[in-house]
Chemist: 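My questions all concern the structure below.
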Amino acid sequence: MIPRSKDLLVRVSFYWKPFFSGKYLIVTNVVSSGGMLALGDCIQQGREKHRTPEKSWEWQRTGRMSAVGCSMGPFLHYWYQWLDKAYSGRAVKTVAKKVLIDQLVASPVLGAWYFIGMGIMEGRGWFRGCVEFKEKFWEFYKADWCVWPTAQMINFYFLPAKFRVLYVNTVTLGWDTYLSYLKHRENQQVDISGPDVQESSVPLPEVKPLDDKL
């Protein structure tokens, strides 16, 4: 049994290794980015449907999430390549620098990419996407700092460079679910830009002149 299992692992590794090297690595990163963002939206929609069973499934929304995720794949691919070249090695100080740069640069860029990209895909335009990102930025960024510094420390310290994007996309499943929630949650705030309050139709009592009362 052991030799057969070993042969099976060798055959499997023979097929998957090309996807993590050379020209196929970027394809793997693009597909995993889009797939995980779509899966995160499916999880969030499942939670929404559990709360409101009458709500119908929005496959177009999942498709938009997947498309935006795929568009992020090349950026993540080349971003981590640049980080590894600019700050090579696994010393704690080097890893800390990479994590800090990733948080200060990549996180805001990807947040804007997500909200603006979704705004364009929804047909609302890039400007509405910018407005939404501005409104939700601090909520998004505070949550980002709670999740990603620890995850990226593990990424930069333990993993080979070729597995970085796949690791991020795997860990990010819960994060993608949160992004779907943050993007599509119902706005409970009161709309202060609504129609003006109409004048009351109740007639006011007639005020008589003072001379008539004397």
Side-chain angles (χ1 to χ4, degrees), residues 16 19-20 25-80 99 102-103 105-124 126 128-156 159 162-188:
W16 66 257
F19 292 100
F20 294 94
L25 179 59
I26 189 172
V27 177
T28 302
N29 292 337
V30 169
V31 173
S32 61
S33 296
M36 286 301 176
L37 205 56
L39 184 57
D41 181 67
C42 288
I43 294 174
Q44 176 58 26
Q45 287 205 55
R47 294 175 67 247
E48 294 172 0
K49 192 169 180 62
H50 179 73
R51 291 195 300 266
T52 54
E54 66 277 6
K55 183 176 181 180
S56 59
W57 198 280
E58 299 180 45
W59 290 109
Q60 290 183 348
R61 164 178 150 179
T62 304
R64 290 191 293 267
M65 294 280 288
S66 178
V68 172
C70 287
S71 70
M72 294 178 178
F75 172 82
L76 290 169
H77 176 84
Y78 292 110
W79 169 251
Y80 289 127
V99 171
D102 188 68
Q103 286 298 119
V105 178
S107 292
V109 169
L110 290 173
W113 194 319
Y114 172 73
F115 283 102
I116 295 173
M118 288 296 293
I120 294 173
M121 294 288 291
E122 291 170 346
R124 299 188 300 119
W126 68 270
R128 291 292 183 89
C130 290
V131 172
E132 184 177 12
F133 176 62
K134 182 179 178 181
E135 292 175 349
K136 299 178 179 179
F137 172 74
W138 287 115
E139 182 179 356
F140 157 83
Y141 202 43
K142 286 186 290 186
D144 189 280
W145 273 93
C146 292
V147 174
W148 285 109
T150 302
Q152 294 292 45
M153 286 289 290
I154 297 172
N155 187 11
F156 295 132
L159 296 182
K162 61 184 179 181
F163 294 124
R164 297 216 191 284
V165 178
L166 181 64
Y167 164 80
V168 167
N169 289 333
T170 303
V171 174
T172 200
L173 181 58
W175 178 252
D176 290 339
T177 304
Y178 167 73
L179 287 181
S180 178
Y181 157 77
L182 185 62
K183 174 70 181 69
H184 300 104
R185 71 182 177 189
E186 295 181 359
N187 187 7
Q188 301 295 333

Chemist: Roughly how far, to the nearest 0.5 Å, is the CE atom of M36 from the CD1 atom of I43?
Modeler: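 The CD1 atom of I43 sits 9.0 Å away from the CE atom of M36.
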Chemist: Within the distance-only criterion (no hydrogens, no angle test), does the side chain of K55 pair as donor or acceptor with the backbone N or O of K49 below 3.5 angstrom?
Modeler: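 Answer holds: no.
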Chemist: Nearest 0.5 Å, please: how far is CZ in F115 from CZ in F137?
Modeler: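 The CZ atom of F137 sits 10.5 Å away from the CZ atom of F115.
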Chemist: Within the 4.5 Å heavy-atom criterion, are M65 and Y114 side-chain neighbours or not?
Modeler: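 M65 vs Y114: side chains touch.
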Chemist: Rounded to the nearest 0.5 Å, how far does CD1 of I116 lie from CZ of F133?
Modeler: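 Going from CZ on F133 over to CD1 on I116, the span is 7.0 Å.
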Chemist: Could you check if a side-chain atom of L76 sits within less than 4.5 angstrom of a side-chain atom of N29, using non-hydrogen atoms only?
Modeler: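 Not in contact.
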Chemist: Answer yes or no: are there more than 12 heavy-atom neighbours, outside Q60 itself, under 6.0 Å from its atom CD?
Modeler: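 Not more than 12 within 6.0 Å, no.
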Chemist: Do Y80 and D102 come within less than 4.5 Å of each other through their side chains, counting heavy atoms only?
Modeler: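 Answer yes - side chains close enough.
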Chemist: Please report the closest heavy-atom contact between L173 and G40, naming both atoms and the distance.
Modeler: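 Where L173 meets G40 most closely, the heavy atoms are CD1-N, 3.8 Å.
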Chemist: Looking at every non-hydrogen atom in both residues, tell me the closest pair between A151 and V171 and how far apart they are.
Modeler: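 Closest pair (atom of A151, atom of V171, distance): CB-CG1, 4.2 Å.
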Chemist: Might you confirm whether atom CH2 of W126 has over 12 heavy atoms from other residues, nucleotides or ligands at distances under 6.0 Å?
Modeler: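 At most 12 heavy atoms, drawn from other residues, nucleotides or ligands, come within 6.0 Å of this atom.
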Chemist: When the ring centroid of Y167 is compared with that of F163, is the distance short of 6.0 Å?
Modeler: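 For Y167 and F163, the ring centres are not under 6.0 Å apart.
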Chemist: Side chain of S66, backbone of T62: donor and acceptor closer than 3.5 Å?
Modeler: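 Side chain of S66 to backbone of T62: no pair is present.
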Chemist: Can a donor-acceptor pair be found between the side chains of S71 and W113 at a distance below 3.5 Å?
Modeler: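 S71 vs W113: donor-acceptor pair found between side chains.
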Chemist: Working to the nearest 0.5 angstrom, can you tell me the gap between L182 CG and T177 OG1?
Modeler: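 Taking CG in L182 and OG1 in T177, the distance rounds to 12.5 Å.
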Chemist: What is the distance from atom CE of M72 to atom CG of L110, rounded to the nearest 0.5 Å?
Modeler: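 CG of L110 is found 5.5 Å from CE of M72.
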Chemist: So which atom in F75 and which in A106 form the shortest heavy-atom distance, rounded to 0.1 Å?
Modeler: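 Shortest heavy-atom separation between F75 and A106 comes out as CE2-CB, 4.5 Å.
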Chemist: Give the intermediate values and the outcome of side-chain contact (heavy atoms from CB on, under 4.5 Å) for residues W148 and V99.
Modeler: CA-CA 8 Å; W148 285 109; V99 171; over 6 Å; no
Chemist: Enumerate the residue pairs fulfilling salt bridge (Lys or Arg N to Asp or Glu O under 4.0 Å) with a member in residues 57-70, sequence neighbours excluded, ordered by first and then second residue.
Modeler: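 Pairs touching residues 57-70 that pass the test: D41-R61, E48-R61.
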Chemist: Which class fits the ring pair Y141 and W145: parallel under 30°, tilted 30 to 60°, perpendicular over 60°?
Modeler: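 Plane angle over 60°, so perpendicular.
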Chemist: Is there a donor-acceptor contact under 3.5 Å from the side chain of Y178 to the main chain of A143?
Modeler: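 Checking the backbone N and O of A143 against the side chain of Y178, no donor-acceptor pair under 3.5 Å is found.
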Chemist: Between H77 (side chain) and G73 (backbone), is there a donor-acceptor pair under 3.5 Å?
Modeler: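 No; judged by distance alone, with no hydrogens or angles, the pair does not exist.
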Chemist: What class does the angle between the rings of W175 and F140 fall in, given that below 30° is parallel, 30 to 60° is tilted and above 60° is perpendicular?
Modeler: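 W175 vs F140 ring planes: tilted.
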Chemist: To the nearest 0.5 Å, how far apart are OG1 in T150 and CG in N155?
Modeler: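 T150 OG1 to N155 CG: 12.5 Å, rounded to 0.5 Å.
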Chemist: Enumerate the salt bridge (Lys or Arg N to Asp or Glu O under 4.0 Å) contacts for residues 169-183, please, sequence neighbours excluded, ordered by first and then second residue.
Modeler: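 Matches after skipping sequence neighbours: E122-K183, E132-K183.
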Chemist: Specify the closest pair of heavy atoms between R164 and L159, including all atoms of both residues, with the distance to one decimal.
Modeler: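 It is NH1-O, 3.1 Å.
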Chemist: Check step by step if side-chain contact (heavy atoms from CB on, under 4.5 Å) holds for C70 and V31.
Modeler: CA-CA 6 Å; C70 287; V31 173; over 6 Å; no
